[in-house]
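When a residue number appears, it is its place in the shown sequence, counting from 1. These numbers come from the heavy atoms of this one structure, side chains and all, not from hydrogens, waters or symmetry mates.
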Amino acid sequence: MSTQRLAKCAQKTNEAENNGLIAEQKQSERQAENPSDKSCRFWNKGVLKSLNDIDLSLSASLSVCASQDSPYGEFRPLMKVLEISCHGAPWIGGTLLAILFSYVESSQQVLVNLLAALILDLLIVVTLKALARRPRPSSNAMDMFASVSTVDNLYSFPSGHATRAAMVTYFCIAQFSLGYFFSLALFLWMIAVGISRVLLGRHYVTDVIVGLTVGSLQYKIVDHFWLSSETCQWFLRPMHEHFNY
């Protein structure tokens, strides 16, 4: 029985390595076909090209849940759940609903700052993606949940899910009394979201690493420019007048 398991694991490892080589070849062909693409020229200069080649090969070999036919395609539904759990739409929509049904000024202040942080995250990620113009991995199935932005669909650097996961994690740990176990669970969720982006073939490894770094810096920005209770109430005044509370 153990021999069969070892053989199965070895087979899956070989398949992952083969997928990595195929994805790397496809990426090279795509860049060769578009020599005038600014993004291709940017990621293929000097030392950056060597690092990009390593990143491309490593990421391709790790995209083992990119499709149902991938070596570990049976875990793809779990990866999709993690994808949805950190999507911008549920977080922004949920924060707006929480603000609407919150009647305590201190809670409203935290929620308005969280909403501002989520909007800041979207602006920073879209701007960085538009500037870097790094194409998504060829293994990406292009079936992202509720993706409407052309920039978000086409480009991968940095990972928006990774930036959001890091920012939300540090925000919640700092602003809510979660306790040790809930804080640990939230931190593990952040790491799992980042890993899932590579396993799904959505992003390269460096997209996720930079995304987690950018997300932590985003919280520092939000914390430094924390909106006062008076400012938050000024923003919420139209809603108060509309709903008469």
Side-chain angles (χ1 to χ4, degrees), residues 42-43 48 51-52 54-55 58-59 62 79 81-96 98-99 106-107 109-134 136-137 144-145 147 149 151-152 155-200 202-228 231-232:
F42 176 80
W43 295 102
L48 192 60
L51 295 176
N52 184 53
I54 296 173
D55 187 25
L58 176 62
S59 302
L62 292 175
M79 300 299 107
V81 169
L82 286 169
E83 179 175 71
I84 296 172
S85 74
C86 195
H87 193 276
W91 274 98
I92 292 177
T95 303
L96 286 171
I99 292 173
S106 58
S107 298
Q109 181 185 13
V110 174
L111 290 169
V112 169
N113 277 279
L114 176 57
L115 180 62
L118 292 168
I119 294 173
L120 175 67
D121 171 69
L122 284 177
L123 294 175
I124 289 177
V125 170
V126 169
T127 300
L128 290 176
K129 284 188 175 184
L131 291 174
R133 299 174 63 84
R134 188 185 201 184
R136 285 187 180 272
M144 287 85 76
F145 172 76
S147 184
S149 171
V151 171
D152 187 53
Y155 305 125
S156 69
F157 183 88
S159 166
H161 279 71
T163 63
R164 190 176 302 109
M167 187 273 294
V168 167
T169 295
Y170 290 116
F171 186 103
C172 291
I173 290 176
Q175 300 302 324
F176 301 105
S177 301
L178 299 177
Y180 174 78
F181 290 105
F182 282 106
S183 297
L184 177 61
L186 195 58
F187 186 80
L188 292 176
W189 167 78
M190 176 189 74
I191 299 300
V193 168
I195 293 174
S196 71
R197 305 313 289 162
V198 179
L199 298 182
L200 276 172
R202 306 286 199 220
H203 289 279
Y204 300 102
V205 173
T206 51
D207 297 342
V208 173
I209 294 175
V210 172
L212 292 173
T213 304
V214 170
S216 64
L217 293 176
Q218 285 176 176
Y219 173 68
K220 291 183 180 295
I221 294 174
V222 172
D223 185 55
H224 183 76
F225 295 99
W226 189 260
L227 300 177
S228 66
T231 303
C232 293

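A distance-only check finds a donor-acceptor pair linking the side chain of Trp91 to the backbone of Ser85 [under 3.5 Å]. Using a distance-only test at 3.5 Å, with no hydrogens or angles considered, no donor-acceptor pair links the side chain of Arg136 to the main chain of Ser156.
Within 6.0 Å of the CZ atom in Phe182, the count of heavy atoms belonging to other residues, nucleotides or ligands does not exceed 12.
What you find for Pro90 and Ile84 is that their closest heavy atoms are CG-O, 3.9 Å. The shortest heavy-atom contact between Gly160 and Val125 is CA-CG1, 3.9 Å. Nearest heavy atoms, Leu212 versus Ala162: CD2-O, 3.5 Å. Taking all atoms of both residues into account, the shortest heavy-atom contact from His203 to Ser59 is O-CB, 4.4 Å. Heavy-atom minimum distance, Ile124 versus Val214: CG2-CG1, 4.1 Å. Nearest heavy atoms, Pro137 versus Tyr204: CA-OH, 3.4 Å.
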- Go through the steps to decide whether Asn113 and Gln175 satisfy the test side-chain contact (heavy atoms from CB on, under 4.5 Å), and finish with yes or no. CA-CA 10 Å; Asn113 277 279; Gln175 300 302 324; over 6 Å; no
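Interatomic distance, CZ of Phe176 versus OG of Ser183, reported as 11.5 Å (0.5 Å rounding). A distance of 9.5 Å separates CD1 of Ile195 from CG of Leu188, quoted to the nearest 0.5 Å. Of the inter-residue distances, the one linking Leu120 atom CG with Tyr219 atom OH reads 13.5 Å to the nearest 0.5 angstrom. The distance from the NZ atom of Lys129 to the OG1 atom of Thr127 is 11.5 Å, given to the nearest 0.5 Å. Remark: Leu114 CG to Cys172 SG distance equals 6.5 Å, nearest 0.5 Å. Here CD1 of Ile92 is found 4.5 Å from CG of Leu122. Values are rounded to the nearest 0.5 Å.
Under the 4.5 Å side-chain criterion, counting only non-hydrogen atoms from C-beta, Leu62 is in contact with Leu58. Put simply, the side chain of Ile119 reaches to within 4.5 Å of the side chain of Leu115, judged on heavy atoms. Two residues are said to be in side-chain contact when any heavy atoms from C-beta on lie closer than 4.5 Å; Phe171 and Val110 meet this criterion.
Of the options Asp223, Asp121, Leu118, a side-chain contact (heavy atoms from CB on, under 4.5 Å) to Gln218 is made by Asp121 and by none of the others. When each of His161, Met190, Arg197 is paired with Cys86, the side-chain contact (heavy atoms from CB on, under 4.5 Å) condition holds for His161 and for no other.
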